[in-house]
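Values below: every heavy atom of this structure, side chains too, minus hydrogens, waters and symmetry copies. Just so it is clear: chains get the letters A, B, ... in the order the sequence lines come, proteins before strands, and each one is counted from 1. Predicted model only: the values in this text are computed from it and were never measured.
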Protein chains: 2
Amino acid sequence: MKESEKIDVSTEEKIKEAARIVFYKKGFAATRTRDIAEEADINLALLNYYFRSKAKLFEMIMLETLSGFIQNMLVVLNDEKTTLEKKVEEIASRYIDLIIKEPEIPTFIVTEIRNNPDMLLKKLPIKQVLTNSMFFKQHEEAVNKGEISEPNPLHFLMNVIGLVVFPFIAKPLLMGGSGINDTEFNALMLERKKLIPVWIKSMMKGE
Amino acid sequence: MKESEKIDVSTEEKIKEAARIVFYKKGFAATRTRDIAEEADINLALLNYYFRSKAKLFEMIMLETLSGFIQNMLVVLNDEKTTLEKKVEEIASRYIDLIIKEPEIPTFIVTEIRNNPDMLLKKLPIKQVLTNSMFFKQHEEAVNKGEISEPNPLHFLMNVIGLVVFPFIAKPLLMGGSGINDTEFNALMLERKKLIPVWIKSMMKGE
DNA sequence: GTCTATAACGTGATAGAC
DNA sequence: GTCTATCACGTTATAGAC
C-alpha cells in the first residue's frame, strides 16, 4: 500500500463507505445513486465505473453486513471453551457494543431480507453450522440435567437475540413513547449487557 | 348501505385493501402505484381519483395500522381491573394471535417509522398515556414490594414486547437458520403465548 | 480515473373521452 | 365513476471528451 493511500482513502473505498451509510439509513429502494455520490463527495458516474450498478453495490454491502453479523454469532455459539452461560454473556456484550456503534444494522438487515429472502440466505450456510453447533449440544445437555426447563433451543436463541436486538429495532417507537433521548437510550442498552444474562438464567430455569 | 355494496365492496375499499397488502409486503419506497392497481384489479387512474396520491394513500394505511397497534397495547396497559401479571398474559396472547394473522405488520411499522420518525409519532399521544398508565403504577408498586428487582419499567416493557414481537421480525432469518417451515414457526409462536408470561415472571423476580 | 452531457427507462399523476 | 393515452419528471446508467 502506498503512503498516499493511507491518507486519502481510495475513491472506490470512499464510495463503498458512503453506500454503506446511505443504504443502512434508507434501505435499497429509497436510496438514489445520487445520494451515495453526494455522501461520498464524488462524481455520479464514478459509482458505475467502480461498481457496475446500484444493485451490485448494494449486494456487496448487504453480503458483507449479513455475513459479518451472523459469523460473529456462530463463532460465539461454536466456542468449545465456553459454557452456555458464558455464551449468553458474550452475545449480549458483543452485540450491544457493536449495535451501539452501528445502530442502523439490525433494521437494515431485517428490512432488506424481507425484500429478498432467498438471495442472501442461500449464500450463507447458517443451518448446517448452527444445528451442529456447540451451543445446541450444551443446551441439550442442560435440558437433560434439568437445568433448563424448555427443551427447544430455538426458544432459547430467540429469547437471547430478541432481548439484545429488539430494543434497537424499536428504538424510535421507544423514544417517542417514553421521552428519553439518545444518550439515555444508550445507557439503558449498556445496562442490559449485565441484565440479560441474569434474566436468561432465571427464565430458563423454570418456575 | 345499499345491498350491492355488501356484495361487491366499493372500489375505494378495494384499493385501500390492496394498498395495505402491497405496502405491508414491500414498504412505501418499493411499491409502485401500478402494483396496487393490479392487486386491486382496478384501473391505475382510479387510485389517484379516490386518493389524491400514493403518499396520501400510504399515510392513511400507516396511521390506521400504527394507531391500531399502539391503541391495542395502551388499552391493555391501562386496564384498572387486571394485575400486572395478567397484563403480560393479555399482551402475549393478543399480539401473537394478531401477528400470526398479519405477519407483515411489525416489520412494516419498524421500517416505515425509520424512514419518517417524526410525522407519525407526533400525531399519536403515546407518551402522555403511557407515563400515566396503570401499568407504570403497578410496576412501581411491585418494585416497592420487592416483587420486581429491576426498577426501570422500560426494561420490563422492552422485554415483554421484544419476546412477543421479535421472532416475527426475525422470521426469515430464523427459518433460514433452523430449517423449520411456516407451520412449525406458527406452532412455536403459539407455544410462546403460555411461555412468555412464565418467563417474564421468573426473570423479573431476580436471582 | 474523472468529468459533462445525455440517453433510456420507469413511475406518479392527469387530461379528456365515454 | 371508469377508461385510454400521455405528460412530466426523476433516476439509473453510459458515451465520449479530457
| request: Identify the 5'-most and 3'-most nucleotides of DNA chain D with at least one atom closer than 4.0 Å to a non-hydrogen atom of chain B. | output: D:dG1 to D:dT4
Short question: side chain of [X], backbone of [Y] - any donor-acceptor pair under 3.5 Å?
X	Y	value
A:Glu140	A:Pro151	no
B:Thr131	B:Lys127	yes
B:Lys193	B:Ile96	no

| task | Over 60° means perpendicular and under 30° means parallel, so classify the ring planes of B:Phe108 and B:Tyr24, tilted if in between. | result |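 Tilted: the ring planes of B:Tyr24 and B:Phe108 meet at 30° to 60°.
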| task | Establish, from distance only, whether the side-chain atoms of B:Thr31 and B:Lys26 form a donor-acceptor pair under 3.5 Å. | result |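 Checked: B:Thr31/B:Lys26 side chains show no N/O donor-acceptor pair below 3.5 Å.
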Please report the distance, rounded to the nearest Å, between [atom1] in [X] and [atom2] in [N].
X	N	atom1	atom2	value
B:Asn48	C:dT11	CG	C1'	11 Å
B:Arg52	C:dA13	CZ	C1'	10 Å
B:Asn43	C:dG12	CG	C1'	14 Å
B:Leu44	C:dT11	CG	C1'	9 Å
B:Leu46	C:dA15	CG	C1'	15 Å

| field | Residue-level proximity of residues 21-42 of chain A to DNA chain D when a heavy atom falls under 4.0 Å | value | A:Thr31, A:Arg32, A:Thr33, A:Arg34
| message | Let me confirm one number: the CE-CZ distance from A:Met158 to A:Phe166, rounded to the nearest 0.5 Å. | response |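 Interatomic distance, A:Met158 CE to A:Phe166 CZ, rounded to 0.5 Å: 14.5 Å.
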| Measuring from A:Ile21:CD1 to A:Lys25:NZ, what's the distance to the nearest 0.5 Å? | 8.0 Å
| query | So what does B:Tyr50 touch, heavy atoms closer than 4.0 Å: a base, only the sugar-phosphate, or nothing? | reply |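 Contact class for B:Tyr50: sugar-phosphate only.
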| task | May I have all residue pairs that pass ring-ring contact (aromatic ring centres under 6.0 Å, His included) and include part of residues 26-54 of chain B, sequence neighbours excluded? | result | B:Phe28-B:Phe58
